[in-house]
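No hydrogens, no waters, no symmetry mates; every other heavy atom, side chains included, goes into these values. Numbering starts at 1 and runs along the sequence shown. Since we're looking at a predicted model, the values are computed, not measured.
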Amino acid sequence: ELNEARFLQILERLVGESKFVQNFPPKFIPEEDKIVDHVLEFLKPYRTENGGVLHVKHIHNPSYPRRGNLIVQYRPEGATSYVSFVGSHFDVVPADPSTWKVDPFKLTIVGDQLYGRGTTDC
């Protein structure tokens, strides 16, 4: 079952970093490590080194500082190999705040609607 309060807490942090992960070189060079840091903190209790079930690796290409990514693997009990999670990204398309009714770089909740850059990316 979804822990809505915890979900909104992490989403608020991620949307709050979206200004720094806009991807439109050379004007905007994303710093995905800002997102990675939050995800690593969120996953901390679930990581194998803390008694959890997830093997998490923060990877970098030395040519692109602050543009890291994560590999998250899960080995089901009794299995001999890992299941890897694939399919997400940490960057966003640039947002022009003058075209938004709310601040795109801050999570805004109106009723059951969530607004902010990146809220529907994943």
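Around the CD atom of Glu4, the shell of radius 6.0 Å holds no more than 12 heavy atoms that belong to other residues, nucleotides or ligands.
A distance of 15.5 Å separates CZ of Arg13 from OG of Ser18, quoted to the nearest 0.5 Å. The structure places NZ of Lys19 at 7.0 Å from CG of Asp103, a figure rounded to the nearest 0.5 Å.
None of Glu12, Glu17, Gln9 except one satisfies the side-chain contact (heavy atoms from CB on, under 4.5 Å) rule with His38; the exception is Glu17.
What you find for Lys34 and Phe20 is that their closest heavy atoms are CD-CB, 3.4 Å. Of all heavy-atom pairs between Pro94 and Phe24, the closest is CG-CB, 3.4 Å. Contact detail for Arg66 and Asp37: the closest heavy-atom pair is NH2-OD2, 4.1 Å. Considering every non-hydrogen atom in both Glu32 and Asp91, the closest pair reads OE2-CB, 3.8 Å. Of all heavy-atom pairs spanning Val36 and Phe90, the tightest one is CG2-CE1, 3.6 Å. Considering all non-hydrogen atoms of both residues, Arg6 and Phe42 come closest at NH2-CD1, 3.2 Å.
Proximity of Leu40 to Leu70: side-chain heavy atoms (C-beta onward) are separated by under 4.5 Å at one or more points.
When only modelled atom types and interatomic distance are considered, His58 and Asp33 share a side-chain donor-acceptor pair under 3.5 Å.
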Criterion ring-ring contact (aromatic ring centres under 6.0 Å, His included) on His55 and Tyr82, from CA distance to verdict: CA-CA 9 Å; His55 177 75; Tyr82 284 101; 5.8 Å; yes
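Here side chain to side chain donor-acceptor pair (under 3.5 Å) pairs that include residues 104-116, with residues two or more places apart or in two chains, number zero.
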